[in-house]
Amino acid sequence: TGQEQTRQLHESFKRLIEDGLNAGDVNTRHDADTLTEMLTGAFYALTFNRAHLEDYPVRIHAQALSNLLADAIRKED
């Protein structure tokens, strides 16, 4: 079902964040749940825009969004 797929996607993103936290690669300024929501929301925004905006340059936006997310999540040196 759609609800089950949504739950699975959310859990996958959360595991990714938790793995990064455990490895020391993700900053701890925000908790895992907040970072998971950010990743999930970004994924949904790209998906929605691709589906509903004619000629949406998904690759360009995906690259820009991945840079933004990496900057927000990456642990500072």
Side-chain angles (χ1 to χ4, degrees):
T1 66
Q3 187 174 13
E4 179 62 20
Q5 289 175 337
T6 299
R7 185 188 62 73
Q8 289 175 351
L9 180 66
H10 188 271
E11 287 178 3
S12 294
F13 283 134
K14 187 166 187 173
R15 281 193 302 274
L16 181 67
I17 292 294
E18 288 173 343
D19 287 350
L21 285 166
N22 290 335
D25 296 330
V26 172
N27 74 59
T28 57
R29 288 177 292 171
H30 306 283
D31 62 33
D33 289 330
T34 301
L35 295 173
T36 299
E37 291 296 321
M38 184 174 62
L39 283 179
T40 304
F43 176 81
Y44 281 128
L46 280 175
T47 303
F48 181 86
N49 288 338
R50 176 68 176 119
H52 298 287
L53 298 176
E54 189 174 324
D55 298 324
Y56 182 72
V58 69
R59 289 177 192 248
I60 292 168
H61 288 279
Q63 182 63 53
L65 191 53
S66 71
N67 291 336
L68 173 71
L69 292 169
D71 288 346
I73 294 171
R74 182 181 316 121
K75 185 176 181 179
E76 296 177 358
D77 295 328

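Computed from a predicted structure; not experimentally measured.
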Pairwise distance CG(Leu39) to CD(Glu37) - rounded to 0.5 angstrom
10.0 Å

How long is the straight-line distance from CG of Leu21 back to CG of Leu35, given to the nearest 0.5 Å?
7.0 Å

Point-to-point distance, once rounded to the nearest 0.5 Å, from CG of Asp31 to OG1 of Thr34:
3.5 Å

Taking the side chain from Asp25 and the backbone from Lys75, do they hold a donor-acceptor pair closer than 3.5 Å?
no

Do we see a donor-acceptor contact under 3.5 Å between the side chains of Asp33 and Thr36?
no

Test of understanding: with side-chain contact (heavy atoms from CB on, under 4.5 Å), list the residues that count as partners of Gln5, not counting sequence neighbours.
none

Tyr44 versus Thr6: any side-chain heavy-atom pair under 4.5 Å?
yes

Please list all pairs passing the ring-ring contact (aromatic ring centres under 6.0 Å, His included) test where one or both residues lie in residues 55-77, with sequence neighbours left out.
Tyr56-His61

Joint cluster assignment, Phe48 & Val58, ILVMFWY side-chain distance < 4.5 Å:
no

Does Gln63 offer a backbone N or O that forms a donor-acceptor pair with the side chain of Ser66 under 3.5 Å?
yes

Can you find a pair of side-chain heavy atoms, one from Leu68 and one from Leu65, that are under 4.5 Å apart?
yes

Rounded distance (nearest 0.5 Å) linking atom CD1 of Ile73 with atom CZ of Arg29
10.0 Å

Indicate if Leu9 and Leu69 have the same hydrophobic cluster label, given that clusters are the connected sets of ILVMFWY residues with side-chain heavy-atom separations under 4.5 angstrom.
yes

With a 6.0 Å cut-off (strictly less than), is the heavy-atom count around CD of Gln8, excluding the residue itself, greater than 12?
yes

Pairing donors with acceptors under 3.5 angstrom, does anything connect the side chains of Asn22 and Glu18?
no

Please report the interatomic distance OG1(Thr1) to CZ(Arg7), rounded to the nearest 0.5 Å.
9.0 Å

Measure the CD1-NE2 distance between Ile17 and His30 for me, rounded to the nearest 0.5 Å.
11.0 Å

